[in-house]
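For reference, the structure discussed in these notes is given below.
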Number of protein chains: 2
Amino acid sequence: MSDGEASRRPTVYDVAEAAQVSIASVSFAFRRPDKLSDGTRQRVLDAARRLGYAPSAAARGLARGRTGTLGLHAFDLLLERADPLSETRPLVGLQSPRLDTDSVIEWGETDDDVLADPRAFPLYVDEVQRGFELECWSLGRPVMLSSGSSSDVSVADTAGRVDGLAIFPSPQTAPTLARYAPTIPIVLFSVAPADDPHHRVRVDNARGMSDLVDHLVDAHGVDDVAFVGRPEASDTVERFAGLVAASEARGIRSRLDPVDATVRGDDELVPQLRAMIAEGRMPRALVCATDQHAFATMDALAAEGLRVPDDVIVTGFDGTLAARLTDPPLTTVRQPMEAMGRAAARILAGTAGAAPADGRPFDVVFAPRLVVRATCGCR
Amino acid sequence: MSDGEASRRPTVYDVAEAAQVSIASVSFAFRRPDKLSDGTRQRVLDAARRLGYAPSAAARGLARGRTGTLGLHAFDLLLERADPLSETRPLVGLQSPRLDTDSVIEWGETDDDVLADPRAFPLYVDEVQRGFELECWSLGRPVMLSSGSSSDVSVADTAGRVDGLAIFPSPQTAPTLARYAPTIPIVLFSVAPADDPHHRVRVDNARGMSDLVDHLVDAHGVDDVAFVGRPEASDTVERFAGLVAASEARGIRSRLDPVDATVRGDDELVPQLRAMIAEGRMPRALVCATDQHAFATMDALAAEGLRVPDDVIVTGFDGTLAARLTDPPLTTVRQPMEAMGRAAARILAGTAGAAPADGRPFDVVFAPRLVVRATCGCR
DNA sequence: TTGTAAGCGTTATCAG
DNA sequence: CTGATAACGCTTACAA
């Protein structure tokens, strides 16, 4: 416990010396207890405990060639969340109260009031991440979380730390990833199939849109819809296409030009909606690409004095927790996020069963589910 | 890309050979770009890119003596959450839909309906964890997440993988931890101060209880309270003591025997409450140890036909998201969870400023905040 | 500016 | 059953 002495992490050598055995025996005591006599094993274990020995994962990883951990990497997305206010309201160091003091840190120094916004957490990715974590833990594997911008350095870093990597991709992700394909197994969330070696876990967006349109038409007599969101990520593209296809199938009108509401910079949303109102182009229903888009849309509509659902119907996609908390509560299409996260973990851990035909990657598709609340006009 | 060939992860040696340089140059190309001529560096980087080279974190960790990652470990708690239904309703393999098929996985196979319960996620720990993650990412450090039972093997394992470890302790954690103290810095969440070398991040429970009691007395004329929860974790102990002290200070009656509702097995709660009703011992307010306890209490009260807040006032502690979703919404005391997670990360990363006097560990205490909703009788 | 070589702490293969 | 000893892939003096 004295200062200069104990600071170095004890190694097999230290334990071996303390227990009067070879380093091999120390290793065996932990990894192959059966190959050691009871006495020796006990001696080693005691010494280890006494010294506070924790095997170095780095060394083990090196020797074994595998780290034992599974990784989850998120591009952009999470980083943006890390600073949800950067554009809206710059934080003047609020998020970093001084810690090197003896006094209690007052509430006002913590930002909690702004940061605890349910629209910011938990998001779609958070619920998927949770499923991933839970599955990993039940498999006894630690999880490595990382996040980074589109620059690939952080993925490479993470790729070097794990035995398999699940990824929430950004639209530009593909090229970066191709590189690590042969190296470790990779699971992509919510990316349309393509001719690459990555596994996929995704949701049937077309079906979700179809179910949604059916409800709008059958229950509310909707005959005119518009899509809110920019079709750039493959998820969003599929949803837009799905809406158009479903509208066509039901013989209702749908706009071919989506209302382009980027979630982050939704400042353009109000002008766009205002123009639609002025020009009499406002449809009966605004079908949003994600719940986040729906929140922004509802805010914008409120700013224009339009009531939901009386004047305009609004729907979301994802089924996040925050969708239950809007006023009125949001009708949306929910993805089975925890199950998706678990699926990714099982694929990477090799507990997902036999891979599909002839070594092709997994492409696991989940059915989404329509969650009817109040913004469509129900109740 | 051919199968047998590319499966091994490329190493410095492979890159060195491909780029016609020494392994040292490969390393320098990434770590000390300035020490290399532009030409060589470019050649190395190209080769690395071509081969899909990702430096092995294990090897780097070994060579450098630090892994660069920060860890977060949860005892019990999270494992229990991993299987929230194990006692209530055994899952017959539902949580593991077959993945090795070509067909879409239907909703009914995913468990989502039960697993998406906001009372199960996000919990207190999840919000703290998120703060930890966000801070780590903004510091450019990956996060290692692990979970385990009280058996110490998993902590030891995690301790060997990280440069610093934050821990949600279980009541029996202390002895296990003492061992790793000299090895890596450790932050304990929500643990009362003691004479050990660990850092602490916690909330001022006494103040939270005091604020709560003040409100109950001043706004609702409450003169009689009881505590629901088992005072075993130091957090709960402090809250119970805080309630008793605050009641005394305000001159109101408080029971010295807490209603013992374990969150997991809350089956005893109904009988206990029933007995209190029968014997006329039901107080005006039930002050619960955590939000989770409050949920269980509200359920139990409803089962007995008692109305909240008219017949009994109920309050929680933590301020989780789920507390906004009860009917009526729960009055509770919120902890600044994200800020707490961030604080832990900064302490471990060494960006928390100078440690307190003479090398003693950090003991960061946050002020909680009373969140008044409807279960206390407001509105 | 580039190359050589010595660790880093395990695991695993052989001998004894 | 136990002990030497050679990898494992990288970083980093130190040489060239």
Side-chain angles (χ1 to χ4, degrees), chain A residues 7-45 47-48 51-69 156-157 159-163 183-184, chain B residues 7-45 47-48 51-69 153 156-163 183-184:
Chain A
S7 55
R8 214 184 91 268
R9 284 156 91 136
T11 73
V12 268
Y13 296 103
D14 301 318
V15 179
E17 184 180 336
Q20 295 290 336
V21 296
S22 75
I23 60 164
S25 298
V26 177
S27 182
F28 280 152
F30 289 96
R31 310 292 161 209
R32 297 247 178 294
D34 48 303
K35 312 217 88 180
L36 242 46
S37 72
D38 287 359
T40 319
R41 179 163 17 91
Q42 224 17 268
R43 209 140 33 88
V44 172
L45 261 22
L51 296 175
Y53 167 73
S56 149
R60 176 161 12 120
L62 224 207
R64 283 212 194 147
R66 313 178 307 101
T67 64
T69 86
D157 182 83
R161 295 171 183 274
V162 300
D163 294 336
T183 278
I184 53 169
Chain B
S7 56
R8 213 183 92 267
R9 284 158 91 135
T11 72
V12 268
Y13 297 101
D14 300 317
V15 178
E17 185 181 336
Q20 297 288 337
V21 296
S22 76
I23 59 164
S25 298
V26 176
S27 182
F28 280 153
F30 290 96
R31 311 292 160 212
R32 298 243 179 294
D34 48 301
K35 312 216 85 179
L36 244 44
S37 75
D38 286 359
T40 320
R41 179 163 17 91
Q42 225 16 270
R43 210 143 31 91
V44 172
L45 261 23
L51 296 175
Y53 168 72
S56 149
R60 178 167 5 124
L62 227 207
R64 287 225 264 232
R66 314 180 304 100
T67 65
T69 88
V153 46
D157 181 83
T158 308
R161 296 171 181 274
V162 300
D163 295 335
T183 278
I184 52 170

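Since the structure is predicted, the reported quantities are computational estimates derived from the model, not experimental observations. Letters go in sequence order (proteins before strands), and every chain restarts at 1.
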Apply side-chain contact (heavy atoms from CB on, under 4.5 Å) to residues B:F30 and B:L45 and explain how you reach the verdict.
CA-CA 8 Å; B:F30 290 96; B:L45 261 23; 4.2 Å; yes

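- In the set C:dT4, D:dC10, C:dT10, the nucleotide with an atom closest to the side chain of B:T11 is D:dC10.
- Of the candidate nucleotides D:dA4, C:dG3, C:dT10, D:dA4 has the atom nearest to the side chain of A:A24.
- Per the geometry, CZ belonging to B:F28 stands 12 Å off C1' belonging to D:dA15, to the nearest Å.
- Atom CZ of A:R60 is separated from atom OG of A:S27 by 9.0 Å, given to the nearest 0.5 angstrom.
- One atom, CG of A:D163, and another, C1' of D:dC8, lie 14 Å apart when rounded to the nearest Å.
- The side chain of B:Y53 places an N or O atom within less than 4.0 Å of a non-bridging phosphate oxygen (OP1 or OP2) of D:dC10.
- For A:R32, the CZ atom is loosely surrounded, since the number of other residues' heavy atoms within 6.0 Å does not exceed 12.
- Checked against C:dT10, D:dG9, C:dT2, the side chain of B:L62 finds its nearest nucleotide in D:dG9.
- Considering only side-chain atoms of A:S37, the nucleotide from C:dG3, D:dT2, C:dT10 that sits closest is D:dT2.
- Contact check on B:D163 versus B:R64 returns no salt bridge, with no Lys/Arg side-chain nitrogen under 4.0 Å from an Asp/Glu carboxylate oxygen.
- Here C:dG9 is the nucleotide among C:dG9, C:dT2, D:dG3 with the atom lying nearest to any side-chain atom of A:S56.
- Between the side chain of B:R41 and the backbone N or O of B:P33, at least one donor-acceptor pair lies under 3.5 Å.
- Atom CZ in B:R41 sits about 14 Å away from atom C1' in C:dT2, given to the nearest Å.
- Distance from the side chain of A:R60 is smallest for C:dT10 among the nucleotides D:dC1, D:dG9, C:dT10.
- Going from atom CZ of B:R66 over to atom P of C:dG9 covers 14 Å, rounded to whole Å.
- At whole-Å resolution of the value, CD1 in B:I23 and C1' in D:dA7 are 14 Å apart.
- Atom CZ in A:R161 sits roughly 22 Å away from atom P in D:dC8 (whole-Å rounding).
- Here the nucleotide nearest the side chain of B:A59, chosen from D:dT11, C:dG3, D:dG9, is D:dG9.
- Separating the OH atom of A:Y13 from the P atom of D:dA4 is a distance of 12 Å, rounded to the nearest angstrom.
- Comparing B:F30 and A:L36 by the nucleotide of DNA chain D that holds the closest heavy atom to each, the one mapping nearer the 5' end is A:L36.
- Closest to the B:A63 side chain, of the nucleotides C:dC8, D:dG3, C:dG3, is C:dC8.
- Minimum atom distance to the side chain of B:R32 is reached by D:dT12, of the listed D:dT12, C:dG3, C:dT10.
- Here the P atom of nucleotide D:dT2 and the NZ atom of A:K35 are 12 Å apart, to the nearest Å.
- Nearest nucleotide to the side chain of A:R64, out of C:dT4, C:dA12, C:dC8: C:dA12.
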